[in-house]
There are 2 protein chains.
Amino acid sequence: MNNNFPYSKYNFNNQDLLSGLTTAECDRLTANKEILNFKAGTQIFKEGTEPKGIYRVLSGKVKKYTATNFGTDHIFYICGENEYLGYHAILSEEEYPDSATALLDCEVAFIPKNDFLNVVSKSHLLSQRLLKNLSHEFGVFLNATKILARYTVRERTAINLLILQRKFSVKESLKEIEINREDLASMVGTAKESLVRMLKDFKEEKLISTKGRIIFIEDLEGLVKASNYK
Amino acid sequence: MNNNFPYSKYNFNNQDLLSGLTTAECDRLTANKEILNFKAGTQIFKEGTEPKGIYRVLSGKVKKYTATNFGTDHIFYICGENEYLGYHAILSEEEYPDSATALLDCEVAFIPKNDFLNVVSKSHLLSQRLLKNLSHEFGVFLNATKILARYTVRERTAINLLILQRKFSVKESLKEIEINREDLASMVGTAKESLVRMLKDFKEEKLISTKGRIIFIEDLEGLVKASNYK
DNA sequence: TTCTTACATTGACATTTATCAATTTTATTT
DNA sequence: AAATAAAATTGATAAATGTCAATGTAAGAA
């Protein structure tokens with residue numbers, strides 16, 4: 001399970017943003033907290049709308065994506081358990097720059113905007129932690145843009161399989177990924193058919209196998225090699 | 001000069017990060033400030049090294065980029081006057097995730113790490129402003145990844161010319177860009193020869209003209225159309 | 001289960017983009 | 001200005017990727 005692929009370069013939240021706050025701060029944060037459930041495929045928030053609060057994923061997976069004006073999406077991140085959604089738009093005082101949709105059934109905690117902003121403005125710990133996290137995200141995005149700008153579809157496919165393997169391995173079987181081909185293609189930044197052909201190549205090279213839409217990672221090191229990461 | 005291209009989606013610093021501080025805060029920030037000069041082509045800091053402080057561009061242009069392990073760079077941003085460099089790595093407590101090199105001769109103000117961190121930790125205004133700015137940058141990067149993932153070389157070339165036109169228009173002639181083809185290709189995320197061919201197409205379509213390496217924007221609206229932005 | 005629908009896969013082909021090797025142009029040095 | 005070096009451009013071609021249409025397969029509904 002260990003290998004030399006730098007997962008931290010692909011993860012937004014390495015630490016729990018809201019942990020370690022004082023009881024009073026926690027109380028203020030959670031005073032109006034709501035637990036929400038989203039079925040797979042349901043949109044949580046939509047690009048271009050006004051943010052109402054932040055969300056913490058309690059269980060399930062959420063895809064974050066932006067839409068082009070010509071009908072294709074780009075999925076730039078999959079959020080797993082204990083990751084947060086929607087804080088950027090609130091802090092930047094702008095509309096949501098992206099959309100979020102449940103990839104699997106989700107349980108999510110919702111904290112209204114004002115409760116969040118209130119604690120941010122009063123908690124030194126929280127604002128420092130947000131600064132640290134947002135600055136870390138800068139590096140994650142840099143890495144993402146470099147990969148999109150300079151790596152081939154084959155390399156990007158391998159990279160995304162490695163990321164997903166790690167994302168899905170937390171609570172489930174270590175080596176299986178369930179994602180539809182359209183979404184995976186949208187992460188890689190390619191056409192669905194090109195993605196399917198790349199998976200076929202990887203199958204022939206014994207790097208993966210599939211059963212239905214489920215992808216099994218068979219050779220982690222082989223995928224790392226295919227990703228051209230050093 | 002006005003058109004409907006959304007430049008703010010491409011700009012990291014929309015406001016001056018350090019303006020409006022109290023005199024005491026300013027004094028503490030600038031206590032050990034140094035003014036540095038970098039000749040075009042000189043590296044200011046290097047990916048993977050430890051950050052020593054932050055930089056403010058007083059004049060000139062700086063390119064920010066990351067390197068792949070196979071020898072190509074990706075230039076993800078050009079910094080102009082009054083923009084800041086290097087604060088991400090300091091706030092994230094990580095190594096520089098990117099490199100910075102003077103694109104034109106530059107004058108730069110350097111503020112040592114500890115002076116910056118000191119004021120950040122004590123100034124509510126500054127930390128709030130940083131939070132706002134870093135969150136805005138999230139949207140800028142989202143836009144960048146979407147464009148790299150989903151737009152063609154032609155579209156990306158048009159987009160980058162529009163960005164550069166705006167970047168270079170602040171103090172200089174409104175419509176000319178001076179950048180070498182390798183760097184422009186690196187921004188677009190394509191090969192130098194492909195970039196040159198795209199410029200040739202744009203010349204034939206009267207969207208631009210060139211004289212030596214200088215590119216003149218002849219038809220801003222035509223470029224917006226070519227960028228496929230809506 | 002059977003039907004129905006959505007999704008995954010394949011094939012054929014077009015288009016886009018990259019690569020390598022000249023050649024021409026521009027910038028720099030003497 | 002002439003010589004030299006660096007950068008830009010072009011041509012020929014290969015390789016990668018996208019598109020459209022068809023077919024196969026799996027999952028959910030009746």
Side-chain angles (χ1 to χ4, degrees), chain A residues 39-41 63 68 70-75 103-105 147-161 176-204 208-216 226-228, chain B residues 39-41 63 68 70-75 103-105 147-161 176-204 208-216 226-228:
Chain A
K39 284 264 161 227
K63 62 176 178 181
T68 63
F70 44 84
T72 51
D73 290 338
H74 172 55
I75 298 175
L103 197 63
L104 307 176
D105 292 354
I147 286 165
L148 286 166
R150 293 305 196 185
Y151 287 61
T152 62
V153 169
R154 177 183 165 89
E155 291 162 345
R156 299 202 307 266
T157 302
I159 288 170
N160 278 284
L161 289 174
E176 57 183 87
I177 299 166
E178 184 175 352
I179 190 168
N180 75 46
R181 302 302 179 253
E182 185 96 44
D183 281 349
L184 184 50
S186 172
M187 291 183 71
V188 171
T190 191
K192 185 180 53 173
E193 296 91 335
S194 299
L195 184 272
V196 167
R197 289 189 172 97
M198 207 47 73
L199 293 180
K200 194 182 176 189
D201 288 354
F202 287 166
K203 276 189 265 188
E204 286 169 5
I208 64 170
S209 62
T210 62
K211 186 178 179 198
R213 81 172 48 173
I214 297 173
I215 300 168
F216 299 90
S227 78
N228 197 13
Chain B
K39 284 266 162 224
K63 62 176 178 181
T68 63
F70 44 84
T72 50
D73 291 337
H74 173 55
I75 298 175
L103 197 63
L104 307 175
D105 292 354
I147 286 165
L148 286 166
R150 292 306 195 184
Y151 286 63
T152 62
V153 170
R154 178 183 165 90
E155 291 161 346
R156 300 202 306 266
T157 303
I159 288 170
N160 279 284
L161 289 174
E176 60 184 86
I177 299 166
E178 185 174 351
I179 190 168
N180 75 47
R181 302 302 179 254
E182 186 95 45
D183 281 349
L184 184 50
S186 172
M187 292 183 72
V188 171
T190 191
K192 185 180 52 173
E193 296 91 334
S194 300
L195 184 272
V196 167
R197 289 190 173 95
M198 207 46 74
L199 293 180
K200 193 183 177 189
D201 288 353
F202 287 166
K203 276 190 266 190
E204 286 168 5
I208 64 170
S209 61
T210 61
K211 186 178 177 199
R213 83 172 46 172
I214 297 173
I215 298 168
F216 298 89
S227 79
N228 197 14

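If you're wondering where the values come from, they're calculated on a predicted model, not measured in any experiment. Just so we're on the same page: letters track the sequence lines, and every chain starts at 1.
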A.B. asks: Output the distance between atom CG (B:L184) and atom CG (B:N160), rounded to the nearest 0.5 Å.
C.D. replies: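 Output value for this atom pair is 6.5 Å.
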A.B. asks: Side chains of A:T190 and A:M198: closer than 4.5 Å at any heavy-atom pair?
C.D. replies: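 Answer no - side chains too far apart.
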A.B. asks: Answer yes or no: is there a side-chain heavy-atom contact under 4.5 Å between B:L148 and B:H74?
C.D. replies: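 They are in contact (side-chain heavy atoms under 4.5 Å apart), so the answer is yes.
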A.B. asks: Rounded at 0.5 Å granularity, tell me how far NZ in A:K192 sits from OG1 in A:T72.
C.D. replies: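 Here the rounded value is 13.5 Å.
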A.B. asks: Can you tell me the distance, in whole Å, between the CD1 atom of B:I214 and the P atom of C:dT25?
C.D. replies: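 Interatomic distance, CD1 of B:I214 to P of C:dT25: 18 Å.
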A.B. asks: Calculate, to the nearest 0.5 Å, the distance between atoms NZ and NZ belonging to B:K203 and B:K200 respectively.
C.D. replies: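 Atom-to-atom, B:K203:NZ and B:K200:NZ are 8.5 Å apart.
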A.B. asks: Using whole Å, what does the distance between atom C1' of nucleotide D:dA8 and atom CD1 of B:I177 come to?
C.D. replies: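 It is 17 Å, rounded to the nearest whole Å.
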A.B. asks: Rounded off to whole Å, could you give me the NZ-to-C1' distance for the B:K211 and C:dA27 pair?
C.D. replies: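 Value for this atom pair: 14 Å.
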A.B. asks: Round to the nearest Å and state the distance from B:E178 atom CD to C:dT26 atom P.
C.D. replies: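 B:E178 atom CD is separated from C:dT26 atom P by 13 Å.
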A.B. asks: Quick check: do B:D73 and B:K63 have side-chain heavy atoms less than 4.5 Å from each other?
C.D. replies: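 SC-SC contact between B:D73 and B:K63 ruled out.
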A.B. asks: Determine to 10° how strongly the helix from C:dT1-D:dA30 to C:dT30-D:dA1 is bent, judged from the axes of its five-pair ends.
C.D. replies: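 That helix has its two terminal axes inclined by roughly 50°.
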A.B. asks: Quick check for you: among C:dT17, C:dA8, D:dT10, whose closest atom lies nearest to any side-chain atom of B:K200?
C.D. replies: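 That would be D:dT10.
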A.B. asks: Please state how far atom CG in A:L148 lies from atom C1' in D:dT17, giving the value in whole angstrom units.
C.D. replies: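 Distance check: A:L148 CG to D:dT17 C1' gives 15 Å.
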A.B. asks: With rounding to the nearest 0.5 Å, note down the distance linking CD in A:E155 to CD1 in A:I159.
C.D. replies: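 Spacing of CD (A:E155) from CD1 (A:I159) equals 7.0 Å.
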A.B. asks: Between P on C:dT17 and CZ on A:R156, what's the gap in Å once rounded to a whole number?
C.D. replies: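 My rounded result for the distance is 12 Å.
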A.B. asks: To the nearest angstrom, how far is A:D201 atom CG from C:dT9 atom C1'?
C.D. replies: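 Result: 13 Å.
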A.B. asks: Would you say A:R181 places a side-chain N or O within less than 4.0 Å of OP1 or OP2 belonging to C:dC7?
C.D. replies: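 No, outside the criterion.
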A.B. asks: I want to confirm an ordering. Mapping B:R154 and B:R213 to their closest nucleotides on DNA chain C, which one lands closer to the 5' end?
C.D. replies: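 Upstream on the strand: B:R154.
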A.B. asks: The test is side-chain contact (heavy atoms from CB on, under 4.5 Å); show your working for B:R156 and B:V153 and say whether it passes.
C.D. replies: CA-CA 5 Å; B:R156 300 202 306 266; B:V153 170; 3.7 Å; yes
A.B. asks: Find the distance B:E155:CD to C:dT17:P and express it as a whole number of Å.
C.D. replies: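 Answer to the nearest Å: 9 Å.
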A.B. asks: If you find the nucleotide of DNA chain D closest to A:Y151 and the one closest to A:G212, which residue's nucleotide is nearer the 5' end?
C.D. replies: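 Comparing both residues, the 5'-ward one is A:Y151.
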A.B. asks: Mind running a 4.0 Å heavy-atom check of residues 189-199 of chain B against DNA chain C and sending the residues that fall below it, in number order?
C.D. replies: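 Close to the strand are B:T190, B:A191, B:E193, B:S194, B:R197.
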A.B. asks: State, with a plain yes or no, whether a side-chain heavy atom of A:N228 is found less than 4.5 Å away from one of B:T68.
C.D. replies: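 A side-chain contact is absent here, since even the closest heavy-atom pair is not under 4.5 Å.
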